[in-house]
K.L.:
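To start, I am sharing the structure in question, which I have written as structure tokens.
Owing to the predicted nature of the structure, the values given are computational and were not obtained by experimental measurement. Residue indices begin at 1 and follow the sequence shown.
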Amino acid sequence: MAFGPGHVPGAVIPGAGPSGKPGSRPTVKLREAGPDDPPRYAPEWLELREPADAAGRAHDLLDPLRIRLANMPGKSGVVIHDLGCGTGSMGRWLAPRLDGAQHWILHDRDPYLLHFAAVSSPRSAADGSRVTVETRRGDVARLTPDALQGASLVTASALLDVLTREEIDALAAACTGAGCPALLTLSVAGRVELSPSHPLDAELTQAFNDHQRRDGLLGPDAVTAAAEAFSEHGATVRLHPSPWRLGPEQAALTEQWLRGWVGAAVEERPELRAEADVYLTNRLAALAAGELRVTVHHVDLLALSRPGGGAS
């Protein structure tokens with residue numbers, strides 16, 4: 001993995017953990033940001049995590065999604081809105097797994113990421129049908145049913161946990177109001193497993209989870225809130241685990257995740273710093289020796305609303 005200019009070995013790539021100004025969050029640019037705000041999801045981080053994301057996503061949710069898309073009335077192809085698309089990894093994963101012509105509308109606040117996503121998007125579906133792409137720069141936390149007019153599907157990856165309860169409810173209302181399903185993948189579940197275990201694992205996990213809940217964001221509570229919101233708006237909701245399973249082959253990703261995870265925990269609870277510094281040094285040594293394995297738990301959500309809106 002070749003990191004971009006200015007990357008300092010041992011530093012946390014933006015997106016993997018706390019970076020930039022104190023109190024800033026490593027999120028997609030969901031809301032208006034100042035011109036001096038640092039990028040919150042560096043392309044290097046998105047590229048580094050893409051294979052683990054692809055391996056983790058829940059294939060079991062694809063069959064009910066395919067059935068729903070095939071039964072949507074009056075469609076010669078599907079229109080898919082990808083929210084907070086980043087570099088476009090969701091499209092690269094999903095488009096080749098769906099039959100039929102597809103038009104992807106990629107949403108993000110970062111114009112560089114939008115450009116990268118557009119040029120690296122797949123050009124053909126599973127059956128060879130054409131895949132086309134357009135980009136929209138804007139605030140994905142304020143979608144309305146009108147903005148999703150004509151949509152066949154809404155997708156997102158690692159998005160729910162950086163939304164507030166109000167934003168999740170608005171997303172559910174927009175999707176169900178437009179009558180389109182939503183496939184929302186890789187929401188953090190608030191659980192990690194490290195092998196070998198360490199007495200500090202649980203304390204760091206709790207501190208990290210508390211950090212994820214700052215500023216009214218839902219963090220590890222997001223997928224439960226989203227399931228409730230979509231259900232209240234009449235959708236049928238399916239949940240499926242989508243863990244990262246990180247071993248020696250994913251050492252570069254594991255290092256960045258570990259630095260970011262510990263860094264966020266210490267930012268939340270500064271009194272842990274001395275213990276956490278020793279912990280991180282020892283964990284990185286075990287990683288370098290090929291002795292560390294990590295499971296980072298996520299959950300994928302498929303919400304199926306009846307075409308035209310309303311209950312499924």
K.L.:
Is it the case that over 12 heavy atoms from other parts of the model lie below 6.0 angstrom from the CZ atom of R238?
P.N.:
no

K.L.:
Has R137 got a side-chain atom pairing as donor or acceptor with R109's backbone, closer than 3.5 angstrom?
P.N.:
yes

K.L.:
Parallel, tilted or perpendicular for H298 and W244, by the 30°/60° rule?
P.N.:
perpendicular

K.L.:
Do the non-hydrogen side-chain atoms of L106 and R136 ever get within less than 4.5 Å of each other?
P.N.:
no

K.L.:
Decide yes or no on side chain to side chain contact (heavy atoms under 4.5 Å, CB included) for L171 and L83, but give the supporting numbers first.
P.N.:
CA-CA 10 Å; L171 175 61; L83 310 183; 3.6 Å; yes

K.L.:
Give the intermediate values and the outcome of ring-ring contact (aromatic ring centres under 6.0 Å, His included) for residues H59 and W93.
P.N.:
CA-CA 11 Å; H59 288 251; W93 180 79; 5.6 Å; yes

K.L.:
Looking only at non-hydrogen atoms, find the nearest pair between L69 and P181 and report the distance.
P.N.:
CD2-CG, 4.4 Å

K.L.:
Quick one: closest heavy-atom pair of L217 and Q212, and the distance?
P.N.:
CB-O, 3.7 Å

K.L.:
CG of L61 to CG of L65: how many Å apart, nearest 0.5 Å?
P.N.:
8.5 Å

K.L.:
Within the 4.5 Å heavy-atom criterion, are R245 and Q250 side-chain neighbours or not?
P.N.:
no

K.L.:
Would H240 and D60 count as a side-chain hydrogen bond (donor to acceptor under 3.5 Å, both in side chains) here? Give the steps.
P.N.:
CA-CA 8 Å; H240 201 283; D60 288 359; 3.0 Å; yes

K.L.:
Would you sort out whether R293 and T295 count as a side-chain hydrogen bond (donor to acceptor under 3.5 Å, both in side chains), showing the intermediate values?
P.N.:
CA-CA 7 Å; R293 283 167 173 75; T295 301; over 6 Å; no

K.L.:
Are side-chain heavy atoms of T164 and L218 found at a separation under 4.5 Å?
P.N.:
no

K.L.:
Tell me, yes or no, whether the heavy-atom count around H115 atom NE2, taken from other residues, nucleotides or ligands under 6.0 Å, exceeds 12.
P.N.:
no

K.L.:
So does I67 get a backbone contact from the side chain of N71, meaning a donor-acceptor N/O pair under 3.5 Å?
P.N.:
yes

K.L.:
Examine the side chains of S89 and D53 and answer whether a donor and an acceptor come within less than 3.5 Å of each other.
P.N.:
no

K.L.:
What's the shortest heavy-atom distance between V133 and S121, and which atoms?
P.N.:
CG2-OG, 3.1 Å

K.L.:
Verify, without hydrogens or angle tests, whether Q206 (side chain) and E203 (backbone) share a donor-acceptor contact under 3.5 angstrom.
P.N.:
no

K.L.:
Under 4.5 Å between any side-chain heavy atoms of R283 and L292, yes or no?
P.N.:
yes

K.L.:
Short question: side chain of Q102, backbone of R130 - any donor-acceptor pair under 3.5 Å?
P.N.:
no

K.L.:
Atom CG in D108, atom CZ in F116: separation rounded to 0.5 Å?
P.N.:
13.0 Å

K.L.:
Using 0.5 Å steps for rounding, measure from the CG atom of L153 to the CG atom of L94.
P.N.:
6.5 Å

K.L.:
Decide whether D300 and T185 meet the rule of one side-chain donor and one side-chain acceptor closer than 3.5 Å.
P.N.:
no

K.L.:
With no hydrogens and no angle check, is any side-chain donor or acceptor of D161 less than 3.5 Å from a backbone partner on P220?
P.N.:
no

K.L.:
Checking S152 side chain against V78 main chain: does a donor-acceptor pair fall under 3.5 Å?
P.N.:
no

K.L.:
Rounded to the nearest 0.5 Å, what separation is found between the CG atom of L239 and the CG atom of L301?
P.N.:
5.0 Å

K.L.:
Run the side-chain hydrogen bond (donor to acceptor under 3.5 Å, both in side chains) test on W257 and E255 for me, step by step, so that the C-alpha distance in whole Å, both residues' side-chain angles and the decisive distance to 0.1 Å come before the verdict.
P.N.:
CA-CA 5 Å; W257 172 82; E255 178 185 346; over 6 Å; no

K.L.:
Could you walk me through whether R68 and D63 pass the salt bridge (Lys or Arg N to Asp or Glu O under 4.0 Å) check?
P.N.:
CA-CA 9 Å; R68 175 52 56 88; D63 278 346; over 6 Å; no

K.L.:
Look only at the side chain of R92 and the backbone of T87, and say whether a donor-acceptor pair between them is shorter than 3.5 Å.
P.N.:
yes

K.L.:
So, H233 side chain and T176 main chain: donor-acceptor pair closer than 3.5 Å or not?
P.N.:
no

K.L.:
For A125, does its backbone N or O pair with a side-chain atom of S129 as donor and acceptor, under 3.5 Å?
P.N.:
no

K.L.:
What's the spacing between I105 CD1 and C85 SG if we round to 0.5 Å?
P.N.:
11.5 Å

K.L.:
Please evaluate residues H198 and N282 with respect to the criterion side-chain hydrogen bond (donor to acceptor under 3.5 Å, both in side chains), reporting the C-alpha separation (whole Å), side-chain torsions for both, the decisive distance (0.1 Å), and the verdict.
P.N.:
CA-CA 10 Å; H198 185 283; N282 292 337; 5.5 Å; no

K.L.:
Give me the atom names and distance for the closest heavy-atom approach of G86 to A117.
P.N.:
O-CB, 3.6 Å

K.L.:
Tell me whether R66 contacts the main-chain N or O of R97 through its side chain, where contact means a donor paired with an acceptor under 3.5 Å.
P.N.:
yes

K.L.:
If you measure from the Lys or Arg side-chain nitrogens to the Asp or Glu carboxylate oxygens, is any gap between R213 and E268 under 4.0 Å?
P.N.:
no

